[in-house]
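Remarks on the structure that follows.
In listed order, ligands and their atoms are each counted from 1. Predicted model, so just to flag it, every value in this text is computed and none were measured.
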Amino acid sequence: MGDLDAVVHDATEVATATGDLQSDDPAAIVGDGAVAVVDGEVAAVGPTDEITREYPPENATHPVDATGRAVIPGYVDSHTHALFAGDRSDEFEAKLRGTTYGELLAEGGGIHRTVEATRAASDAELLGNLLGQLDVMAVHGTTTVEVKSGYGLDAETELRMLDVIDRADDRHPVDVVPTFMGAHAVPRDYDGSGDPADADDYVDRVVSEQLPAVEEQGVAEFCDVFCDEGAFTVEQSRRVLEAGRERGLTPKVHAEELAHRGGTKLAAEVDAASADHLLHATDEDVQSLLDADVTPVLLPGTAFGLGADYADGRAMVDAGAPVAVSTDFNPNCHSQSVGFASALACVEMGLTPAEALVAGTRNGARALDRDDRGAIREDAAGDLVVLDAPSHVHVPYSYGVNRVATVLKGGDLVVGPGSDEGLPTRDGGEPDA
Ligand code: NIG
Ligand code: FE
């Protein structure tokens, strides 16, 4: 046997998240359960007496007594814009007074303000910001997160963002998946003049300047576009995604968030990994995603912050779709908590807590083409979260409260008593050894 990194034992339940959303038991719970992690991967999951006989906790680097607690997979947050500079809390207030997201963007606020602040920030400042966000995510149980560029809107800053994302991945225990999103907005201008750039001309620049440089840099894995009212048309989006595909980047689409523009069907046509937001998606759209095996990603935190109607997650699950739930963490949707997104998915979209669990873990991994994580089964990544609660239901039930007590990433203790990673740790609970 290799190194016995961790044995988590005597959990009230191990919610393995190995079931499909459409099955009777998506959470696929093992009662009075234990998990052993060897060489970073799950070696065994099952009843505590069986697992601890073969893998005695005292032989593990991290023995974790989970008496009275539930174990779930680490969250896979498949959609964030977590790297940025500046502060847009005043726009939160403006939105509460009735200003819309589209109005803020059209007036040069929203994404444009973050672009200005991000361009002006040093690499060190950007890296510090992202590492800080990853700490917060880890404390909330996220062990893999996708982070998009898209606050540069010029080749230099887009590449700088991707480089910082890559360095943060090296430095932080949370795995970071890099996405290029040069087509996040049409920049206000190219030269500080304030004259709006032309969308087609900007798409030319994304395709002929940014994408070749992004390919050469070799960091980005996905290419995303904001296909929406006030952003890019379907045809412009298609150009970017097809050019990205030629450069080795898998497409993703921000689709039908502010209005119905056809981004969902585009996602199906270009064989995207995911179509995200989907507030205005129709049944036909959802069927096209199913037919093309594109993962629908629900971002209920965004609808919450916008005061918008939620995507119909219940209908999508009933139609057979493997929906994911993620945070969309960004300056317009300032929550890093997949747990909070899960609560919204239950209360506002009609998912069950077990469905929300699978959507936030295994299906998040699906949206990132990573089937090696997001569920607790043999050979999957040893990314585990111990809750200070007896069941996974307590995550959405405790809305607004973080129930994450301990986080193991690849079998290493990164959050919780005894953690040595220098992340913030929570008090309470028993020491691990
Ligand atoms: O997914 N909709 C486009 N992009 C982000 C918002 C980014 C921002 O407002 O800074 C989103 O909601
Ligand atoms: Fe987004």
Side-chain angles (χ1 to χ4, degrees), residues 77-92 94-95 99-119 121 129 133 145-153 157-158 161 165 177-188 222-232 236-237 240 251-261 263-264 267 272-281 295-308 310-311 324-336 338 341 344 364 367-368:
D77 190 351
S78 75
H79 181 138
T80 83
H81 308 254
L83 172 56
F84 57 86
D87 183 329
R88 280 164 47 198
S89 54
D90 56 342
E91 291 186 0
F92 177 67
K95 284 182 290 177
T99 311
T100 68
Y101 182 85
E103 284 163 358
L104 288 165
L105 190 63
E107 288 159 9
I111 293 172
H112 299 301
R113 266 177 83 197
T114 304
V115 167
E116 226 170 277
T118 303
R119 285 178 180 169
N129 286 357
Q133 301 300 357
V145 61
E146 183 253 21
V147 179
K148 303 174 200 294
S149 70
Y151 291 125
L153 309 185
T157 318
E158 289 295 315
M161 286 189 76
I165 291 168
V177 178
T179 294
F180 166 64
M181 198 173 180
H184 192 192
V186 182
R188 284 190 79 192
F222 295 96
C223 178
D224 199 345
V225 294
F226 189 13
C227 180
D228 216 314
E229 187 176 86
F232 298 94
Q236 290 162 346
S237 302
V240 171
K252 280 180 169 283
V253 186
H254 278 63
E256 338 293 7
E257 177 190 354
L258 304 173
H260 191 274
R261 282 289 180 274
T264 316
S274 67
D276 303 41
H277 283 294
L278 307 174
L279 273 61
H280 299 275
T295 304
V297 176
L298 306 177
L299 306 163
T302 312
F304 177 79
L306 293 174
Y310 291 78
V325 168
S326 295
T327 63
D328 194 22
F329 172 63
N330 73 69
N332 179 58
C333 176
H334 208 271
S335 168
Q336 299 90 339
V338 179
L344 293 175
L368 296 177

- atom 2 (N) of ligand 1 has as its nearest protein heavy atom Glu257 OE1, 2.7 Å

- Query: Looking only at heavy atoms, is any part of Phe84 under 4.0 Å from ligand 1, and if so is it the side chain, the backbone, or both, or is it neither?
  - Reply: neither

- Item | Under 3.5 Å donor-acceptor, Arg188 side chain and His112 backbone | no

- Message: I need the atoms of ligand 1 closer than 4.0 Å to a non-hydrogen atom of Arg88, numbered in the order shown.
- Response: 8 (C), 9 (O), 10 (O)

- Query: Do we see a donor-acceptor contact under 3.5 Å between the side chains of His280 and Glu256?
  - Reply: no

- Item | Aromatic centroids of His81 and Phe329 separated by under 6.0 Å | no

- Task: Considering the heavy atoms of Asn332, write down every atom of ligand 1 situated less than 4.0 Å from one of them.
- Result: 9 (O)

- Item | Min side-chain heavy-atom separation Leu299-Tyr310 under 4.5 Å | no

- Would you say Thr114 touches ligand 1, if touching means a heavy atom closer than 4.0 Å? no

- Query: If you measure from CZ on Phe180 to OG on Ser149, what distance do you get to the nearest 0.5 Å?
  - Reply: 5.5 Å

- Query: For residues Ser78 and Ser326, is any side-chain donor paired with an opposing acceptor at under 3.5 Å?
  - Reply: yes

- Message: To check your reading of the model: name the closest protein heavy atom to atom 9 (O) of ligand 1, its residue, and the distance in Å.
- Response: Tyr101 OH, 2.7 Å

- Message: Does either side chain, that of His254 or that of His184, offer a donor lying less than 3.5 Å from an acceptor on the other one?
- Response: no

- Which ligand 1 atoms, with their elements, are less than 4.0 angstrom from a heavy-atom of Asp328? 1 (O), 11 (C), 12 (O)

- Query: Does the distance from a Lys or Arg side-chain N to an Asp or Glu carboxylate O, for Glu229 and Arg261, drop under 4.0 Å?
  - Reply: yes

- Ignoring hydrogens and angles, state whether a donor on the side chain of Lys148 or Asn330 is under 3.5 Å from an acceptor on the partner side chain. no

- In Å, rounded to the nearest 0.5 Å, how long is the span from CG of Asp77 to CG of Asp328? 9.0 Å

- Task: Run through the protein N/O/S atoms less than 2.8 Å from the Fe ion (ligand 2) and write them out by chain and number.
- Result: His79 NE2, His81 NE2, His254 NE2, Asp328 OD1

- Can you sort out which atoms of ligand 1 are near Ile111, meaning under 4.0 Å from one of its heavy atoms? 7 (C), 8 (C), 9 (O), 10 (O)

- Query: For atom 1 (O) of ligand 1, which candidate among His112, Lys148, His277 provides the closest heavy atom?
  - Reply: His277

- Task: Starting from atom 7 (C) of ligand 1, locate the nearest protein heavy atom and write down its residue, its atom name and how far away it is, to 0.1 Å.
- Result: Tyr151 OH, 3.3 Å

- Please report which non-hydrogen protein atom sits nearest to atom 4 (N) of ligand 1, along with the residue it belongs to and the distance in Å to one decimal place. His184 NE2, 2.8 Å

- Those atoms of ligand 1 less than 4.0 Å from some heavy atom in His79: 1 (O)

- Task: Among all protein heavy atoms, pick out the one at the shortest distance from atom 5 (C) of ligand 1; state its residue, atom name and that distance to 0.1 Å.
- Result: His81 NE2, 3.4 Å

- Task: State the OH-CE distance between Tyr151 and Met161, to the nearest 0.5 angstrom.
- Result: 7.5 Å

- Can a salt bridge be assigned to the pair Glu91 and Arg113 using a cut-off of 4.0 Å between side-chain N and carboxylate O? yes

